[in-house]
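This is a predicted model, so every value here is computed, not measured.
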Amino acid sequence: MPTHHPDLDFARIRAHHGSRDLGFEELLRQLLIAGPPADCARLEHKGPGADGGVEVLAHLSTGDLIGYQSKYFINDFGDNQIRQIRTSFSRALSAYPRMVRYVVALPRNLSGSPDHNSMRRKWDQFVSDAEAQAAALGRSVVVDLWDESALVAHLTPGDPIHAGLRLFFFDDVVLTNAWFRERFATTRAELQDRYLPEDHVDVEAQHLLDVAARGPRFGAAIAAHRGTYLNALEALQRLELKAKPHAPTAPWAAVSQTLEAARDTAFGIDFDTTGPIDLSRLRAALEPVQRGPEVRALVDAIHELSRAETVGDETRGTLQRLAWGLGDAMDTIVSSFGKLDLPLLMSPRLLVVGEAGVGKSHSLAHLVDRQIDSCGAAVLFLGQQFASGDPRGQMLSRLGLPGIAFETFLGAMNAAALASGRPSLLVIDAVNESEAPHLWSTSLAGLAADVARFPNLALVVSCRDIYEAHCIPSGWNGTRHRHLGFEGDAAAAAKAYLDRHGIDRPAAPFLDPTFTNPLFLSTCVRRLVAEGRTAFPTGLDGITQLFDFWLDGVEASLVRRGYRRIRRGDGRLRAALRRFADQLALERREELPLAQA
């Protein structure tokens with residue numbers, strides 16, 4: 001049983017990137033995020049290996065700076081260690097003229113009294129020398145020590161953030177990458193055929209899921225958007241080179257400045273943060289790109305120039321081509337921004353709904369699988385795992401953490417997000433499959449509020465669309481996305497899926513979107529693979545024949561799993577389905593109550 005109330009033993013601090021030195025540095029950074037100094041405007045993480053003598057800088061609203069330096073001297077504290085601290089201080093003093101305070105964090109208390117050649121005496125001498133060194137430059141720098149006692153005091157406030165820091169940094173069993181992988185493996189086994197990694201095909205829903213996880217698609221969208229400014233500025237330069245001799249008074253410089261201002265804003269946004277990303281400044285900077293008077297004036301000037309009799313046909317054609325190129329480049333800036341300008345960035349709560357079999361479970365499992373592979377933190381729960389009662393306690397029980405408070409677990413996940421550089425994911429698939437689905441209509445809003453208290457967590461939930469009104473509270477405050485499976489580019493997605501399994505694609509039936517449903521396809525493919533085939537049988541020229549082939553595959557799968565109420569070829573499954581369909585038609589409905597079905 002893992003220890004959920006760990007001793008604060010700095011000798012056993014969680015390693016970061018394989019190093020306890022870096023783990024100690026990361027703890028210092030997160031302590032400052034959790035409790036920044038008074039009057040702090042922002043924190044800047046300089047990172048390991050920085051030559052400025054600090055690992056974290058606190059920028060005060062006055063413009064002054066506080067430098068923080070961690071030194072993982074767990075065993076020795078003698079002349080060599082003091083020499084390292086002196087070197088770091090000298091670098092910081094030189095690099096940061098506005099530094100007014102310098103804090104050194106040590107994972108131990110210093111022994112001895114100031115009157116002897118002890119650890120404490122060596123430290124006091126360093127403080128005296130350092131403050132004198134600053135005074136010689138006409139500066140006043142206060143040097144402070146955060147030793148083991150001070151760090152423990154910083155770690156022990158009773159709020160969930162600090163409780164999470166204690167759990168994350170001082171329990172070497174829970175919330176490790178292996179721990180996340182083991183728990184996902186258990187859930188993946190329960191998903192059975194609903195998640196087969198080798199069957200993965202990217203679909204439209206993947207983009208939003210990637211935004212929630214700040215994954216590679218999101219990174220590619222950022223890079224693509226930033227690249228559009230260079231394209232637009234180059235297009236403007238080409239047009240100016242050709243048109244300016246004929247239109248010298250056009251607002252060339254003003255349009256260039258508008259584009260450069262938007263570009264600088266885009267590059268100034270910290271997209272690498274694990275917390276909320278506010279794009280309001282960039283949205284405002286793009287307004288003049290779309291509708292600004294300078295841009296309109298330039299468009300009007302080029303339009304008038306293209307109609308001027310003094311411009312030859314060849315020049316006119318060139319101007320029109322270059323103007324169209326600039327217009328396309330500026331439109332691309334706006335359209336690429338649309339792929340980033342999503343409420344999910346500020347409020348990381350996502351509800352995925354869709355029909356049965358479109359791949360909701362697969363998409364969410366793939367999200368968690370990939371996040372863990374990237375050394376991120378993610379947990380996946382299935383609706384079928386929940387009974388009536390508070391889902392929080394059931395989550396902790398599933399994770400093997402019954403002895404801690406739910407908010408402490410969220411605090412530890414928050415710490416894991418900061419350490420990994422990616423949001424931590426809390427994912428609940430198919431809430432409609434819970435033993436008491438109504439529990440979510442009363443508890444999901446509260447759960448989402450709990451998660452929202454931690455800025456580096458994202459909550460992702462999925463629900464069958466026909467049960468949404470029963471399971472999801474009406475006041476759901478988050479992004480809602482309909483999972484369309486392979487729809488949108490169904491033929492290409494289906495072909496990619498079949499090609500991956502070496503199956504030739506049939507023709508006509510794929511014109512009907514029903515037959516590009518991922519669940520339908522996977523059932524057919526599993527039957528073909530089990531029978532050693534590489535193509536659908538001949539004669540499946542219509543929807544009815546292909547549906548019959550699929551239904552035979554379902555029957556075979558049920559028999560294989562030990563479902564004893566049917567046998568291969570006894571017709572009972574087909575008869576039951578026919579009666580079900582007849583009743584739907586009779587009542588003109590798309591679903592039946594479970595008891596009636």
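Side-chain contact between Pro391 and Leu439: present, with at least one pair of heavy atoms (C-beta onward) separated by less than 4.5 Å. In this structure, the side chains of Glu26 and Ile13 stay at 4.5 Å or more apart for every pair of heavy atoms. Within the 4.5 Å cutoff, the side chain of Leu399 has heavy atoms near those of the Arg183 side chain. Using a 4.5 Å heavy-atom cutoff, the side chains of Ile472 and Tyr467 are not in contact. Under the 4.5 Å side-chain criterion, counting only non-hydrogen atoms from C-beta, Arg101 is in contact with Tyr68. In this structure, the side chains of Glu25 and Leu22 come closer than 4.5 Å at one or more pairs of heavy atoms. A heavy-atom distance below 4.5 Å is not found between the side chains of Asp264 and Tyr229. Taking the side chain as every heavy atom from C-beta outward, Gln69 and Ile85 never approach each other to under 4.5 Å.
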Side chain to side chain contact (heavy atoms under 4.5 Å, CB included) evaluation trace for Gln385 with Thr187: CA-CA 10 Å; Gln385 297 167 345; Thr187 304; 4.1 Å; yes
Working note: Leu342 + Thr479, criterion side chain to side chain contact (heavy atoms under 4.5 Å, CB included); need CA distance, chi angles, decisive distance, verdict. CA-CA 9 Å; Leu342 302 168; Thr479 298; over 6 Å; no
Verdict with reasoning, Val100 to Thr62, per side chain to side chain contact (heavy atoms under 4.5 Å, CB included): CA-CA 11 Å; Val100 296; Thr62 59; over 6 Å; no
Could you walk me through whether Leu209 and Arg217 pass the side chain to side chain contact (heavy atoms under 4.5 Å, CB included) test, one step at a time? CA-CA 9 Å; Leu209 294 172; Arg217 276 193 171 199; over 6 Å; no
Given salt bridge (charged side-chain N to carboxylate O under 4.0 Å, His left out), test Arg166 with Asp7 step by step and report yes or no. CA-CA 9 Å; Arg166 296 193 296 272; Asp7 294 331; over 6 Å; no
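For the pair Arg20 and Tyr72, the cation does not sit on the ring face, since its NZ or CZ is not both under 6.0 Å from the ring centre and inside 45° of the axis. Phe73 does not carry Arg108 over the face of its six-membered ring by the limits of under 6.0 Å from the centre and within 45° of the normal.
Heavy-atom minimum distance, Ala378 versus Ile372: O-CD1, 3.8 Å. Taking each heavy atom of His162 and Leu155 in turn, the nearest pair found is CB-O, 3.6 Å. In plain terms, the two heavy atoms of Lys71 and Ser88 that are nearest each other are NZ-OG, 3.0 Å. Across all non-hydrogen atoms, the minimal contact from Thr274 to Ala417 is CG2-O, 3.6 Å.
Side-chain N or O atoms of Ser347 include none that pairs as donor or acceptor with a backbone N or O of Arg349 at under 3.5 Å.
Judged by distance alone, the side chains of Asp278 and Ser280 do bring a donor and an acceptor atom under 3.5 Å apart.
In this pair, Tyr195 and Phe184 present their aromatic rings perpendicular. The plane angle is above 60°, beyond the 30 to 60° band.
One finds a salt bridge joining Arg370 and Asp210 here, because a Lys/Arg side-chain nitrogen approaches an Asp/Glu carboxylate oxygen to under 4.0 Å. The existence of a salt bridge linking Asp272 and Arg422 is excluded, since no basic side-chain nitrogen approaches an acidic carboxylate oxygen closer than 4.0 Å. With salt bridges taken as basic N to acidic carboxylate O contacts below 4.0 Å, none links Lys360 and Asp429.
Note: Leu32 CG to Glu44 CD = 13.0 Å, rounded to the nearest 0.5 Å. The CG atom of Asp373 sits 9.5 Å away from the NE2 atom of His366 when rounded to the nearest 0.5 Å. Taking CG of Asn109 as the start and CG of Leu151 as the end, the distance is 9.0 Å to the nearest 0.5 Å. Atom NZ in Lys339 sits 13.0 Å away from atom CD1 in Ile222 (nearest 0.5 Å). Rounding to the nearest 0.5 Å places CG of Asp270 at 7.0 Å from CD1 of Ile277. Atom CG of Leu43 is separated from atom CD1 of Ile33 by 6.5 Å, given to the nearest 0.5 angstrom.
In this structure, the ring of Phe10 has its center less than 6.0 angstrom from the ring center of Phe170.
Counting non-hydrogen atoms of other residues, nucleotides and ligands closer than 6.0 Å to CZ of Arg281 gives a total of 12 or fewer.
Within the structure, the salt bridge (charged side-chain N to carboxylate O under 4.0 Å, His left out) test picks out the following pairs touching residues 399-409 (sequence neighbours left out): Glu407-Arg453.
Each of Asp129, Val141, Val104 was compared with Phe89 under the side-chain contact (heavy atoms from CB on, under 4.5 Å) criterion, and only Val141 meets it.
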